[in-house]
Amino acid sequence: MAVIVKRDSNQHVLQPLKKYLMDQGIPCELRYEWTGVRGQHGDAVLLVEDEFYESAMEILDNIDTSATDYGVELR
């Protein structure tokens, strides 16, 4: 199951983090959260599979100090 490692209102902010994680061997993807309102989406989220979560968080903690969503499942 995919879990959130980072959230932002702008997906372009997450693109460099995605590339960095991929370069470190952590497969990840960007998606938008679903709001339930037709034609609208929520924040962009950077997702990894459960087995890569700890590694991804360790890598991101070394380069980023802002808050994360600590393993919250994508809605």
Side-chain angles (χ1 to χ4, degrees):
M1 178 163 304
V3 293
I4 297 169
V5 292
K6 188 75 176 155
R7 175 191 314 270
D8 199 282
S9 60
N10 185 346
Q11 94 169 25
H12 299 293
V13 172
L14 300 179
Q15 289 286 358
L17 294 177
K18 177 186 176 195
K19 182 178 180 344
Y20 186 78
L21 286 175
M22 297 288 281
D23 290 347
Q24 300 296 314
I26 307 288
C28 56
E29 64 180 307
L30 286 174
R31 288 194 191 165
Y32 283 106
E33 285 188 299
W34 181 66
T35 63
V37 178
R38 186 179 178 146
Q40 294 183 353
H41 57 75
D43 291 339
V45 291
L46 184 59
L47 302 169
V48 298
E49 292 298 321
D50 284 341
E51 65 266 17
F52 296 106
Y53 177 76
E54 293 297 326
S55 299
M57 290 306 296
E58 185 176 318
I59 290 169
L60 292 177
D61 283 345
N62 289 329
I63 62 169
D64 184 51
T65 59
S66 62
T68 64
D69 288 308
Y70 298 112
V72 175
E73 294 178 8
L74 179 66
R75 292 184 280 189

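It should be emphasised that the depicted structure is a prediction, and the values quoted were computed from it without experimental measurement. Quick note: residue numbers are just sequence positions, from 1.
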Search all heavy atoms of [X] against all heavy atoms of [Y] and return the closest pair with its distance.
X: Pro27; Y: Met22; value: CA-SD, 3.7 Å
X: Glu49; Y: Ala2; value: OE1-N, 3.8 Å
X: Leu14; Y: Leu46; value: CD1-N, 3.9 Å
X: Ser9; Y: Asp43; value: CA-OD1, 3.5 Å

Find out whether [X] and [Y] are in side-chain contact, i.e. whether some heavy atom of one side chain is under 4.5 Å from a heavy atom of the other.
X: Leu17; Y: Asp8; answer: no
X: Cys28; Y: Phe52; answer: no
X: Ile4; Y: Leu47; answer: yes

Problem set entry | Other residues, nucleotides, ligands: >12 heavy atoms within 6.0 Å of Glu29 CD | yes

Problem set entry | Non-neighbouring partners of Glu54 that pass salt bridge (charged side-chain N to carboxylate O under 4.0 Å, His left out), sequence neighbours left out | none

I need the [X] [atom1] to [Y] [atom2] distance, nearest 0.5 Å.
X: Lys18; Y: Leu30; atom1: NZ; atom2: CG; result: 5.5 Å
X: Lys19; Y: Gln24; atom1: NZ; atom2: CD; result: 10.0 Å
X: Glu58; Y: Asp61; atom1: CD; atom2: CG; result: 8.0 Å

